[in-house]
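Each remark here refers to the structure printed beneath this line.
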Amino acid sequence: MLFDKFQEMADFQAELAGKHVKPFGAVTEELLTATTGMVQGKQVILAGTNNYLGLSYDQRCIEAAEAALKKWGTGTTGSRLANGSFAEHQALEAEMADFYGVDHAICFSTGYAATMGMTATLAGPGDVILLDGDSHSSIYSGVKLSGAEVIRFKHSDPDDLAKRLRRLGDRTGNTLIIAEGIYSMLGDVAPLQEIAAIKREYGGYLMIDEAHSMGVMGETGRGAAQAAGIEDDVDFFAGTFSKSLGGIGGFCTSRHPELEVIRFCIRAYIFTASSTPSVVASTREALRIIRAEPELRDKLWNNANRLYAGLENLGLTLGPQVSPVVAVQLADRSQAIDCWQALLNAGVYVNMVVPPATPSTNFLLRNSVSAAHTTEQIDQIIGAYAGLLDSGLLNPDQAA
Ligand code: PMP
């Protein structure tokens, strides 16, 4: 039957319903600040939002959006190729190109459309895509649509990448290598210096998805490639406006002039309505703030260090390195469900992640840190995890 393949999900949903737990699609009934809201009738600290700089609730961004709403109306009612290119979109593209120090930028309606659209279009039949095995779902969707030969290399394993490139011989000239900056599930950062060195040795084109690292890493906030000092080796930077910039939309920037032609070949750009001008305006303001206020990044990393150290001290099994994504690894699904609900009861909302969010994802409680979290809030989050240990719901020895 058509529906047979959904049975496993139906069983999972039944388990959640039996426990009266709703970790997926938990509703924020009211937003109080960038880091607090009402969920299930309770005031909670929002620690699972990707709102890395707290800009989704910044008054300046809200005012920019309000002004654009009044000026341009609620929507564009068309795609960028038809009637949906407003001066706001062009201004954001110019500002993104300037931010990345390149001449070319395309803005998309979502980050998903950006990464899916670029990967689906850059490589085609006869080309090769070499992608990190833990790539985001949008990248997997794109490469499937591309028609290119798709080869996965082991997650963040430069030797495996080199081996596979070597085997390609002179086909590397038609090869697109894809990695991310910060990986969204465990918060680990790709070994970009090694990846860039391999690309220099064997050839190919490199695309980095900076969705979780733009605004978060690098001297001026351009991301993990900037932090690694390898931006000259990156052919395409992709990312999203929905995380550190607090809006919605996606981007690709490049020094290659060909991007302007490629623009007219990306189905996820051509056949979908462009972003509403108000969200473009708030994104532009958020970008201005990221550039003007590097101290936001310092605050973010102070909070990330504090949360990581606090949870490590409790003996929990975390991702391999400190980043604004701090993931606690758990033994199994049932423990994940119980701990997620207990944290919510203790006033902390986090993300529950179950396989296969990425191929190597285990059962996780994923915390994302914000520059807008106060030190007290970070300590409250740590205190809530300590409560899981006290109550016996979580035992460091049984963690994965
Ligand atoms: N790439 C990565 C690595 C992501 O984590 C995400 C979102 N989680 C996206 C792309 C898609 O971005 P958006 O949610 O803004 O569409």
Side-chain angles (χ1 to χ4, degrees), residues 24-25 48-53 55-56 61 92 96 106-122 129 131-145 152 155-156 176-190 192 195 206-217 222-225 234 236-253 266-269 272-276 279-280 282-283 286-287 290 319 323-327 350-354 356-361 364 366-370:
F24 304 117
T49 60
N50 308 310
N51 196 2
Y52 297 122
L53 301 177
L55 294 179
S56 73
C61 296
L92 178 58
M96 283 302 295
I106 304 179
C107 293
F108 294 81
S109 303
T110 66
Y112 195 101
T115 38
M116 182 190 71
M118 289 310 301
T119 50
T121 311
L122 280 171
I129 292 179
L131 82 159
D132 185 289
D134 271 9
S135 292
H136 188 256
S137 171
S138 55
I139 297 173
Y140 271 102
S141 298
V143 303
K144 215 169 186 176
L145 290 171
R152 284 193 260 176
H155 175 54
S156 286
L176 177 67
I177 304 164
I178 305 172
E180 293 174 26
I182 294 177
Y183 280 88
S184 59
M185 293 296 123
L186 288 177
D188 51 314
V189 180
L192 292 181
I195 289 175
L206 180 59
M207 178 172 134
I208 306 291
D209 183 350
E210 300 270 18
H212 292 267
S213 32
M214 186 234 177
V216 167
M217 293 183 75
R222 296 205 289 238
V234 179
F236 302 96
F237 296 92
T240 179
F241 300 141
S242 72
K243 302 182 196 300
S244 63
L245 291 159
I248 189 164
F251 68 88
C252 177
T253 65
I266 308 168
R267 296 162 73 96
Y269 175 85
T272 191
S274 61
S275 310
T276 57
V279 90
V280 178
S282 76
T283 303
L287 183 62
I290 283 185
S323 88
V325 176
V326 182
V350 304
N351 301 127
M352 185 178 116
V353 180
V354 297
T358 66
S360 57
T361 308
L364 304 176
R366 176 186 180 276
N367 308 274
S368 56
V369 178
S370 174

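First listed ligand is number 1; within each ligand, the first listed atom is number 1. Residues: numbered from 1 along the sequence shown.
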With F251 via ring pair (Phe, Tyr, Trp, His ring centres under 6.0 Å) - residues at least two apart: Y100, F241
Check for me whether the distance between the ring centres of Y183 and H155 falls short of 6.0 Å.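 Yes, close enough.
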Could you point out which residue of M116, E180, K144 forms a side-chain contact (heavy atoms from CB on, under 4.5 Å) with I139? E180
Please identify each residue that fulfils side chain to side chain contact (heavy atoms under 4.5 Å, CB included) with A286, with sequence neighbours left out.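 A286 satisfies side chain to side chain contact (heavy atoms under 4.5 Å, CB included) with L55, C61, L245 once adjacent residues are dropped.
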Partner residues of T272 under the side chain to side chain contact (heavy atoms under 4.5 Å, CB included) criterion, sequence neighbours left out: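 Per chain and number, T272 pairs via side chain to side chain contact (heavy atoms under 4.5 Å, CB included) with S109.
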Under a 4.0 Å heavy-atom cut-off, which residues neighbour ligand 1?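 Residues within 4.0 Å of ligand 1: T110, G111, Y112, T115, H136, S138, E180, S184, D209, A211, H212, T240, S242, K243.
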Is there a donor-acceptor pair under 3.5 Å between the side chain of N50 and the backbone N or O of K243? no
